[in-house]
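The block underneath contains the structure these notes are about, expressed in structure tokens.
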Amino acid sequence: MTERSLVEESWVSQACTLPTAEQPLRLAEFDDLVASAVLGVHRVDGLRVRLELRPEPETAGRVAELMARETGCCSFFTFTLAATGGQLALEMAVPAGQVEVLDALAARAGAGGRA
């Protein structure tokens, strides 16, 4: 399955305002981040997923920049980036109507960005 067909699947929210042509690029960027920086994926509850990240300043900056851009097109997301006790984590939360999007991103993250 190609990146293009993955983006065209129904889990991409209708609320997303990112131009369709740019969606595969954003997905590839997320996959690259997952492959290089995610150490663990944990489902906090039905509406939240926590990604444990490499505790490096470069990772924190990269994640913050990507998530800032993501909220620009998918404003339903809430991202919380926390650095504490030598750990770095990103929590992604969505409202109940966007659970399919969160589920798909969690599955991709759990598969190392290769889903």
Apply side chain to side chain contact (heavy atoms under 4.5 Å, CB included) to L39 and L53, showing your working. CA-CA 5 Å; L39 303 174; L53 305 167; 6.0 Å; no

When you look at V94 and T78, which way does the side chain to side chain contact (heavy atoms under 4.5 Å, CB included) test go after all the steps? CA-CA 6 Å; V94 296; T78 299; over 6 Å; no

Using side chain to side chain contact (heavy atoms under 4.5 Å, CB included), reason through F77 and V101 one step at a time and then give a plain yes or no. CA-CA 10 Å; F77 271 112; V101 176; 3.7 Å; yes

Stepwise salt bridge (charged side-chain N to carboxylate O under 4.0 Å, His left out) check, D103 with R108: CA-CA 9 Å; D103 290 346; R108 292 186 78 82; over 6 Å; no

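The shortest non-hydrogen separation linking L81 to A60 is CD2-O, 3.6 Å. Taking both residues in full, the closest heavy atoms of G46 and V99 are given as O-CG2, 3.9 Å, listed atom of the first, atom of the second, then distance. Shortest non-hydrogen contact noted between G86 and P55 is O-CB, 3.3 Å. Contact between F76 and P95 at its shortest, heavy atoms only, is O-CD, 3.3 Å. Shown here for A106 and V41, the closest heavy-atom pair between the two residues is O-CG1, 4.2 Å.
Here the CG atom belonging to L66 is positioned 7.5 Å from the CZ atom belonging to F79, to the nearest 0.5 angstrom. Once rounded to the nearest 0.5 Å, the distance linking CD of Q98 with OG of S75 reads 9.0 Å.
Of the residues listed (L105, L102, V44, L90), the one engaging V49 in a side chain to side chain contact (heavy atoms under 4.5 Å, CB included) is L102, and it is the only one.
The salt bridge (charged side-chain N to carboxylate O under 4.0 Å, His left out) analysis of residues 69-91, with sequence neighbours excluded, yields the pairs R26-E70, E29-R69, R48-E91, E65-R69. Applying the salt bridge (charged side-chain N to carboxylate O under 4.0 Å, His left out) test to pairs two or more places apart or on separate chains, those with a residue in residues 50-62 are D32-R62.
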